[in-house]
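One structure is given here, and the rest of the page talks about it.
Numbers restart at 1 for each chain; the letters A, B, ... are given by sequence-line order, proteins then strands. Values in this document were obtained by computation on a predicted structure and should not be read as measured data.
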2 protein chains.
Amino acid sequence: MSAPKLLLVEDDTALAELVEYRFRGEGYDVRTTDDGDEALLLAAEDTPDLVLLDWMIGGTSGIEVCRRLRRNKSTAHVPIIILTARSDEDDRVRGLETGADDYVTKPFSPRELIARVGAVLRRVRPALAGETITVGDLALDPTAHRVTRCGQAIKIGPTEFRLLRHFMEHPGRVFSRGQLLDAVWGSGSDIELRTVDVHIRRLRQAIAIPGAADPVRTVRSAGYALEGV
Amino acid sequence: MSAPKLLLVEDDTALAELVEYRFRGEGYDVRTTDDGDEALLLAAEDTPDLVLLDWMIGGTSGIEVCRRLRRNKSTAHVPIIILTARSDEDDRVRGLETGADDYVTKPFSPRELIARVGAVLRRVRPALAGETITVGDLALDPTAHRVTRCGQAIKIGPTEFRLLRHFMEHPGRVFSRGQLLDAVWGSGSDIELRTVDVHIRRLRQAIAIPGAADPVRTVRSAGYALEGV
DNA sequence: GTCCGGCGTCACGACTGCGTAACAAATGGC
DNA sequence: GCCATTTGTTACGCAGTCGTGACGCCGGAC
C-alpha cells in the first residue's frame, strides 16, 4: 500500500487527536492543522489524497478553504469531506455545492468517518483504497506492488509502476507529458519533458508480451494514454 | 493452542460469571474484575488481548478506563468492546470516540458477544483468532513463539519473530520501513530506517533453507513484503 | 564480576534504475 | 517528395537504494 495522505483541518484539539490516532491505526498518513490558511499551505506543498475539513474553524472559514482548494490547480481534484456540528440542510447543500464530496455531521464515530473516507477514496482513487485495478488484460495490485498481464507477473521499476498506476486509474484518458510529470513525479519536480518518453518506452517494454498489442497509445502532439477496456 | 486473554470489567456478578463461564468454554483465558482501577492494574501487569468493558462500573467510569487504557503505551492498542445497558446514540458515539472497537448493548446473548469478540480479534490480531498462521511453507505459532518451515523448526530471535509475524498477518502486502517500525517496534520508537534492513537480513537468514526461494521480497524504493501463498 | 545473545548503528560496496543527451525513425503539412 | 516537428531508441554517467559484515552497547544469566 502507499499510505493515503489525509489533511485534517479541525480546531477541536481533542477530536483532532482522536481522529488522527484512529486513522493512523488504519494505515493513513495524517497531517493536522487547526487553521484554514495553514491548511491551504500544507495542501499546496504536499498534495493530500483527501481533506477532512471542519466547517467552523478559525482563520478562514471552511467554505472558503473549500473554494480555495478547488481554485488551486494542484488541489482542484482532491476529494473533501466536510465535518460539521450543524445538521441543517442549508449548510449541507452549501457544502456540497462548494465541491465537497461527502458530509459528516458531528457527533460521529471514528468508524463511521473511516468508512466514509474509504468510500470516497474507493470512488475517486480505487488504488488508494487498496483495491486491485484491472484494465484490459492488465491488473495492478497497489498493496502488493505487483502487476500482472494475462495472469503472468511483470517485472517493473518504481517509476514505471507509478506511471502505469496513474494510467490505470484513468483508463483511456490522454495525459500530456507535463501532466504526467505532475502526477507521477510530483508537481514540484524539475524534469525534462522528454524524460517521460523514455519511461513510456520502459513501461512499454516491461508490459510487452509477444503477440499482444501495445496498450500504451501515443497521441501525437498531445501525450499518451492507456488503451481503455 | 492459542488462548486469547480477555479482561472482563463488569460489576454485575451474575452476568460476569456467566460471561466468564461461556468464554472459558470457548477456550479463552478470562480474568474478571468489577473495579475500574483494578482493571487498569491487571491490564498493565499482564496485557490482555481484548478488554470487555462495562460502561457503568464502580471506581472509575467505563469511559475513563477506556481513555486510560489508551493512554498507557502497553495497552494503547488493545481492542476494547463496550458493554452497556444504555442504548442511546450519545453514549455509543462517546464510547467509539474514546477508542472502543465495538459496542454491545445489554441484554445480549453470550453467543453474540462471542461472535463479536471473535470478529474484533480476527480484524485486529489475526494470529490470535486462529491457531497458527500458515503462509506458503512457513508456519508460525503465535502463542508458542515457534516458527517452522517445511515442518522443520526455525531458530529465530524476538524481533525477527515479531517481524515475521507481522508479515504473515498480512501476506503479500508491501510495508515501508516506516510502517514496519511502527508495527514491529512500536509507533513511538526512534529507530533508524536502515535498521529494518538489518533485521530483514537476519529474518532472511533465519528462515533460509537450501534450495528454497527467499520468501521475503524487496520492493525497491517501497519496502518489503512476504511472498503471499 | 564475566559471559553472551541480541540489538541498533555505521560504513563500504554492488547494483539498480533514473535523467539526460544524441541520434534514428516516423509522422504530418505542404 | 521534402522538410519540420514529434516521437522512438540507445547509451551513459550518476545518484540513490539495498545487501552485508563489523562494531559497540546493553541487559540478563550465571
Side-chain angles (χ1 to χ4, degrees), chain A residues 2-3 145-147 153-167 174-208 212-227, chain B residues 74 145-147 153-167 174-208 213-227:
Chain A
S2 63
H145 258 252
R146 188 163 266 158
V147 178
I154 296 288
K155 185 170 148 45
I156 190 170
T159 307
E160 284 70 55
F161 181 83
R162 276 179 285 136
L163 187 58
L164 177 61
R165 170 171 163 171
H166 185 252
F167 275 128
V174 178
F175 294 98
S176 72
R177 291 174 176 74
Q179 288 175 319
L180 290 173
L181 280 180
D182 279 359
V184 178
W185 277 260
S187 50
S189 65
D190 189 25
I191 308 281
E192 288 290 324
L193 286 176
R194 288 303 308 277
T195 299
V196 175
D197 295 34
V198 179
H199 282 277
I200 288 285
R201 157 146 173 80
R202 286 169 183 162
L203 173 60
R204 277 175 165 148
Q205 221 161 22
I207 64 177
D214 178 11
V216 179
R217 184 162 52 101
T218 304
V219 183
R220 199 182 162 84
S221 69
Y224 298 94
L226 182 69
E227 219 64 67
Chain B
S74 71
H145 264 246
R146 185 167 287 155
V147 178
I154 296 288
K155 183 169 148 46
I156 191 170
T159 308
E160 284 70 55
F161 180 84
R162 277 179 285 134
L163 187 56
L164 178 60
R165 168 170 164 169
H166 186 252
F167 275 130
V174 176
F175 294 98
S176 71
R177 291 173 174 74
Q179 289 175 322
L180 290 173
L181 280 180
D182 281 358
V184 177
W185 278 260
S187 51
S189 65
D190 189 26
I191 308 281
E192 287 291 323
L193 287 177
R194 288 302 307 276
T195 300
V196 176
D197 295 33
V198 180
H199 283 277
I200 288 284
R201 158 149 174 77
R202 287 168 184 163
L203 172 60
R204 276 175 166 149
Q205 229 160 16
I207 64 177
D214 178 10
V216 179
R217 181 164 60 106
T218 304
V219 182
R220 193 163 228 270
S221 73
Y224 298 94
L226 183 68
E227 219 63 66

- Query: Is there a side-chain polar atom (N or O) of A/Lys155 under 4.0 Å from OP1 or OP2 of C/dT16?
  - Reply: no

- B/Arg177 has an atom CZ; how far is it from atom P of C/dG8, in whole Å? 16 Å

- Query: So B/Trp185 and B/His166, ring pair (Phe, Tyr, Trp, His ring centres under 6.0 Å) or not? Walk me through it.
  - Reply: CA-CA 11 Å; B/Trp185 278 260; B/His166 186 252; over 10 Å; no

- Side-chain N,O (B/Arg204) to OP1/OP2 (D/dG19) below 4.0 Å: yes

Strictly under 3.5 Å: I want the nitrogen or oxygen pairs between protein and nucleotides 21-28 of chain D, one per line.
unit_1: D/dG21; atom_1: OP2; unit_2: B/Arg201; atom_2: NH2; d: 2.2

- For C/dG8, does either OP1 or OP2 sit under 4.0 Å from a side-chain N or O belonging to B/Trp185? yes

- Query: Given C/dG6, C/dC18, D/dG8, which nucleotide is nearest the side-chain atoms of A/Thr218?
  - Reply: D/dG8

- Query: B/Leu181 has an atom CG; how far is it from atom C1' of C/dT9, in whole Å?
  - Reply: 13 Å

- Message: Counting only side-chain nitrogens and oxygens, does A/Tyr224 get under 4.0 Å of the OP1 or OP2 atom of D/dT6?
- Response: no

- Query: Could you state the CD-P distance from B/Glu192 to C/dG8, rounded to the nearest angstrom?
  - Reply: 11 Å

- Please state whether the phosphate of C/dT9, meaning OP1 or OP2, lies under 4.0 angstrom from any side-chain nitrogen or oxygen of B/Thr195. yes

Pick out the pairs of N or O atoms, protein on one side and nucleotides 23-30 of chain C on the other, that lie under 3.5 Å.
unit_1: C/dT27; atom_1: O2; unit_2: A/Arg220; atom_2: NH2; d: 3.0

- Message: Looking at B/Glu227 and A/Arg146, is any side-chain nitrogen of the basic one under 4.0 Å from a carboxylate oxygen of the acidic one?
- Response: yes

